[in-house]
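Structure first, then comments.
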Amino acid sequence: MINWKVILNIAKTHLLTKMKSTVTAALGVTFGIGAYITLVSFMTGLNTMLDSLILNQTPHIHLYNEIAPTKDQPISLYEEFENSVHIISSIKPKQGQKKIHNALPILNYLKNKDVVKGATPQVRAQIFYLSGSIELGGSIVGVDIMEETRLSNMRDYIVQGSPEALKNMDNGILLGAGLADKMSLSVGDRVQVSTVAGALVPLKIVGFYQSGIADVDNVQSFCKLKTVQRILGESQNYITDINIKLYDIEQSPQLAEFLEKQFNVTATDINEANAQFETGSNIRNLITYAVSITLLIVAGFGIYNILNMLIYEKMKDIAILKATGFSGTDVQFIFMSQAMIIGIIGGILGLVLGFVLSVIIDGLPFETEALPTIDTYPVNFSLTYYIIGIVFALISTCIAGWLPSNKAKHIDPVKIIRGT
Amino acid sequence: MNNVLEAKNINKHFLKPKDFHVLKDISFAIKEGEFASIMGKSGSGKSTLLYILSTMDTDYTGELFLNDTLVTGKPASELSRIRNEHIGFVFQFHYLLSEFSVLENVMLPAKKLARKSNKEIEHDAYEKLSMLGIEKLAKQKASRISGGEKQRVAIARALINNPSILMGDEPTGNLDSYNSDNVFNIFKRLKEEEGLSLLVVTHDEDFAKRTDYIIEMEDGRIVSGQ
Ligand SMILES: Nc1ncnc2c1ncn2[C@@H]1O[C@H](COP(=O)(O)OP(=O)(O)OP(=O)(O)O)[C@@H](O)[C@H]1O
Ligand SMILES: [Mg+2]
């Protein structure tokens with residue numbers, strides 16, 4: 001039977017008489033846990049921000065037509081050559097394949113599906129921007145602007161002007177911010193675009209679009225769907241891409257596969273597109289945990305050291321306790337509980353320290369061109385990390401306390417009393 | 001009368017630095033209420049024997065009985081409990097927990113036993129301290145009292161759980177003749193009034209002569225006694 005009151009009383013007395021070492025050991029844990037909380041809150045905050053930056057701009061499923069030569073060439077349909085080797089040189093894809101076949105029925109079908117939050121048609125075209133003597137290659141995307149803003153946070157990235165302005169202006173264009181810079185254009189100016197086929201169309205700038213990704217902003221602009229169809233000289237059913245948002249992102253792979261089979265289009269889902277992105281998050285997490293665990297190991301060594309010293313100093317006390325009837329386990333618990341007290345106090349202070357630092361970081365201004373919607377550093381205040389933090393503290397102090405206290409358990413009182 | 005303590009053919013060797021037969025065939029018994037002393041030259045094995053009798057040292061052959069039950073071979077946790085409840089031990093050098101008060105030192109074994117409430121234990125502790133004439137020191141830190149006082153605190157601690165037997169390894173070794181006398185009288189009174197059994201190692205001939213009998217040791221053997 002273990003008499004905790006007596007054991008804790010002895011532990012407390014030991015700790016209080018060694019106040020300095022106790023405080024040092026506890027502070028070690030405090031810094032370890034504090035650093036963990038701060039790092040993990042900041043890193044996951046960044047992760048979430050970067051995730052949403054990409055995820056929000058990326059459709060859950062993207063339908064388009066991959067340009068590739070037809071698998072069944074005419075010769076393979078011809079029965080007479082069925083058992084022969086077909087040699088055809090210089091196979092080329094068919095013309096006009098950018099267009100999604102049956103785009104309007106597909107859109108209709110998707111809009112009536114329960115799991116689909118929305119589906120937006122797009123027309124993508126390669127063009128040249130002409131302004132004065134400058135000629136820049138780029139692309140233009142025709143969109144249903146109001147539907148796009150409903151389904152993504154596109155509105156956040158329109159840094160000047162508004163989606164409504166585009167909707168109300170037939171020849172309007174939301175120019176990529178990078179393009180605007182290069183051509184030194186401002187809202188209200190005119191810009192000429194020319195298609196690959198050579199048609200020249202003037203457009204009026206109604207706003208600037210800045211995604212934060214320079215490679216996009218330097219080449220891409222948005223117009224109304226109809227405008228681009230007209231520039232290309234195509235009809236209303238000319239649609240090159242369909243972007244789909246679902247209510248539940250997890251369903252995107254299945255639906256993508258289904259759509260591919262059903263409508264004979266290429267469908268990529270978000271998990272495919274963002275596989276590399278996960279790697280970045282994982283590495284950030286890895287760094288966080290590596291740093292925190294290193295700090296905690298250092299803190300653990302501190303506790304280990306102090307307990308070892310204490311036990312060395314208290315050899316006689318241990319011998320007396322054992323001689324007067326305290327068992328080895330009692331003695332072990334006396335020193336274990338000292339480690340745990342240091343761990344709990346240090347750990348809780350560490351949580352407080354981590355929280356305070358997180359709050360400070362959360363308030364620091366963080367302004368960057370690339371992220372127009374962010375003005376302070378992103379921090380993730382999640383209770384989970386605080387629970388992990390305190391569990392961390394307890395585990396590391398447990399391990400650090402175990403070795404010395406186990407030594408104390410096995411001290412032979414006779415040896416000490418004899419003075420050898 | 002019952003044997004409180006009985007040793008049967010106890011042998012012990014120290015293997016380091018070389019094989020040394022320190023206790024040779026020790027057999028004797030202490031009956032309830034007996035006050036025995038052990039004498040012998042320095043190095044004859046008195047302390048070694050006492051550590052075995054107090055169950056702290058288990059590295060020996062032979063058999064040890066306490067209140068007619070065999071304690072040899074019992075697990076360590078069981079031996080701890082037996083020491084706590086049945087054996088009071090006073091060391092050659094007064095060993096107290098220096099960070100605790102005199103009172104806390106005396107109360108500690110009783111708190112471990114946990115048979116009584118804290119109040120009762122405190123009351124008992126005061127009683128033992130006043131019996132030894134040091135109740136005034138109760139609140140003092142154990143590190144701030146004299147050697148003789150420490151010795152008496154250690155005796156009070158040994159008595160707190162009303163043990164079956166009190167063992168002492170030169171408990172009066174550090175005391176002047178006045179205090180030594182005082183301790184002897186206390187032991188005598190405990191034996192007579194409470195029927196406590198005592199086994200005390202001493203170098204003090206006068207002290208030994210006044211006990212019930214003397215066990216004489218020489219080179220690890222009992223040469224006379226009982
Ligand atoms: N740990 C040990 N290893 C080896 N030999 C030991 C050890 N402890 C004691 N001895 C030897 O055992 C013998 C008995 O020692 P013990 O302490 O029992 O003597 P003692 O009779 O109590 O002497 P004193 O009257 O000086 O206290 C001594 O010769 C001592 O050198
Ligand atoms: Mg001795």
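The figures here come from the full heavy-atom set of this structure, side chains too, leaving out hydrogens, waters and symmetry mates. Lettering follows sequence order; numbering is per chain, from 1.
Looking at Ile342(A) and Leu307(A), their side chains never come closer than 4.5 Å, going by heavy atoms from C-beta outward. Between Leu66(B) and Ile87(B), some side-chain heavy-atom pair lies under the 4.5 Å cut-off. Side-chain atoms of Met217(B) and Ile26(B), non-hydrogen and from C-beta on, do get closer than 4.5 Å to each other. Between Met309(A) and Asn305(A), every side-chain heavy-atom pair lies at or beyond the 4.5 Å cut-off.
In this structure, the separation between CG on Leu23(B) and CG on Leu49(B) is 5.5 Å, given to the nearest 0.5 Å.
Top candidate by heavy-atom pairs under 4.5 Å with chain A, chosen from Tyr95(B), Phe100(B), Phe89(B), is Tyr95(B). The candidate with the highest count of non-hydrogen atom pairs below 4.5 Å against chain B, out of Ile7(A), Asp412(A), Thr17(A), is Thr17(A). The most heavy-atom pairs under 4.5 Å with chain A, out of Glu104(B), Met56(B), Glu99(B), come from Glu99(B).
Interface residue Phe91(B): only side-chain heavy atoms are found under 4.5 Å from chain A. Using a 4.5 Å cut-off between heavy atoms, Leu96(B) contacts chain A through its backbone alone, with no side-chain atom that close. In this structure, the portions of Thr48(B) lying under 4.5 Å from any heavy atom of chain A include both its backbone and its side chain.
Scanning residues 146-161 of chain B against chain A with a 4.5 Å non-hydrogen threshold yields Arg157(B), sorted by number. Along residues 312-325 of chain A, the residues that come nearer than 4.5 angstrom to chain B, judged on non-hydrogen atoms, are Lys314(A), Lys316(A), Asp317(A), Ile320(A), Leu321(A), Lys322(A), Ala323(A), Thr324(A), Gly325(A) in order of number. Residues of residues 394-407 of chain A lying under 4.5 angstrom from chain B, judged on non-hydrogen atoms, do not exist here.
A distance-only check finds a donor-acceptor pair linking the side chain of Asn84(B) to the backbone of Pro109(B) [under 3.5 Å]. Remark: side-chain polar atoms of Thr30(A) are paired, donor with acceptor, to backbone N or O of Gly346(A) under 3.5 angstrom. Looking at Thr376(A), its side chain does come within 3.5 Å of a backbone N or O of Asp362(A) through a donor-acceptor pair. Looking at Asn105(B), its side chain does come within 3.5 Å of a backbone N or O of Ser101(B) through a donor-acceptor pair.
Side-chain contact of Asp330(A) with Ser327(A): a donor-acceptor pair under 3.5 Å is present, judged by distance alone.
Ring geometry, Trp4(A) versus Phe333(A): the interplanar angle falls from 30° to 60°, so the pair is classed tilted. Ring geometry for Phe207(B) against Phe35(B) counts as perpendicular: the plane angle is over 60°, on a 0 to 90° scale with 30° as the lower cut.
Salt bridge annotation for Glu85(B)-Arg115(B): present, with a cationic side-chain nitrogen under 4.0 angstrom from a carboxylate oxygen. Using a cut-off of 4.0 Å between Lys/Arg side-chain N and Asp/Glu carboxylate O, Lys12(B) and Asp59(B) are scored as salt-bridged.
Here Phe381(A) and Phe355(A) bring their ring centres to under 6.0 angstrom of each other.
Screening residues 336-351 of chain A for side-chain hydrogen bond (donor to acceptor under 3.5 Å, both in side chains) gives His14(A)-Gln338(A) as the qualifying pairs, with residues at least two apart or on separate chains.
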